Amino acid sequence: MFFEWNASVVTPEAASILDNAITSYRDCGNAQVMLAGYTDTSGTPKYNLGLSQRRADAVKAYMAGRGIPEGVVTTQAFGETNLRVQTADGVRELQNRRVEITYGPGSGM
């Protein structure tokens, strides 16, 4: 799911994706969930690391509010590393402003 520039608010479009992810989670039982937060390259690396954590935390809070136990969800902030779309420094790129969700054995480790 993607985020607006310099934001960690779950948009209606992202909420729809998350609702599908929550349904998938319920279908696979009590699996561990890993939320990996990322940013684009605009902003400083230090700021982006914090922003990517806020994004992962926002997704965790959304999921917890819909019945996913917080104890099965872990978060990790990656900032502007692992770009989905390679860009130069300082470039705003929607696909890099994201939280990736993984489930199952080994997730959240």
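Nothing here was measured: the structure is a model prediction, and the numbers come from that model. Every heavy atom of this structure was used, including side-chain atoms; hydrogens, water molecules and symmetry mates were not.
- Closest approach of Ser8 to Ala58, counting heavy atoms only: O-CB, 3.1 Å.
- Put simply, the side chain of Thr23 gets close to the backbone of Asp19: a donor and an acceptor are under 3.5 Å apart.
- Linking Ile, Leu, Val, Met, Phe, Trp and Tyr residues whenever their side-chain heavy atoms come within less than 4.5 Å places Val99 and Tyr103 in a single cluster.
- Side chains of Gln53 and Thr75: a donor-acceptor N/O pair is present below 3.5 angstrom, by distance only.
- The CD atom of Gln32 sits 10.0 Å away from the OG1 atom of Thr102 when rounded to the nearest 0.5 Å.
- Tyr47 and Asn6 share a side-chain donor-acceptor pair at under 3.5 Å.
- A donor-acceptor pair is defined here as one N or O able to donate and one able to accept, closer than 3.5 Å; such a pair exists between the side chain of Ser52 and the backbone of Gly79.
- Annotation: side chain of Tyr62 is not in contact with side chain of Met1 (no heavy-atom distance under 4.5 Å).
- A salt bridge between Asp40 and Arg92 is absent, with no side-chain N of the basic residue lying under 4.0 Å from a carboxylate O of the acidic one.
- Using a 4.5 Å heavy-atom threshold, the side chains of Arg97 and Leu51 count as separate.
- Of the residues Thr81, Leu83, Leu49, Asn48, the one that meets the side chain to side chain contact (heavy atoms under 4.5 Å, CB included) test with Thr39 is Asn48.
- Glu4 places none of its side-chain heavy atoms less than 4.5 Å from the side chain of Val9.
- Taking CD from Gln86 and CG from Asn96, the interatomic distance works out to 7.5 Å, rounded to the nearest 0.5 Å.
- In this structure, Phe3 is not a member of the same hydrophobic cluster as Phe78, with clusters built from ILVMFWY side-chain heavy atoms closer than 4.5 Å.
- Figure legend: Arg98 and Tyr38 shown as a cation-pi pair, the cationic atom lying under 6.0 angstrom from the six-membered ring centre and within 45 degrees of its axis.
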Apply side-chain contact (heavy atoms from CB on, under 4.5 Å) to Val72 and Tyr25, showing your working. CA-CA 11 Å; Val72 302; Tyr25 171 82; 3.5 Å; yes
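- To the nearest 0.5 Å, the span separating CE on Met63 from CD1 on Ile22 amounts to 5.0 Å.
- The distance from the CZ atom of Arg55 to the CD atom of Glu100 is 12.5 Å, given to the nearest 0.5 Å.
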Go through the steps for Leu35 and Val73 under the test side-chain contact (heavy atoms from CB on, under 4.5 Å), then give the verdict. CA-CA 7 Å; Leu35 304 175; Val73 181; 3.5 Å; yes
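- In this structure, the separation between CD1 on Ile68 and NZ on Lys60 is 12.5 Å, given to the nearest 0.5 Å.
- Ala64 and Glu70 get closest at one heavy-atom pair: CB-CG, 3.6 Å.
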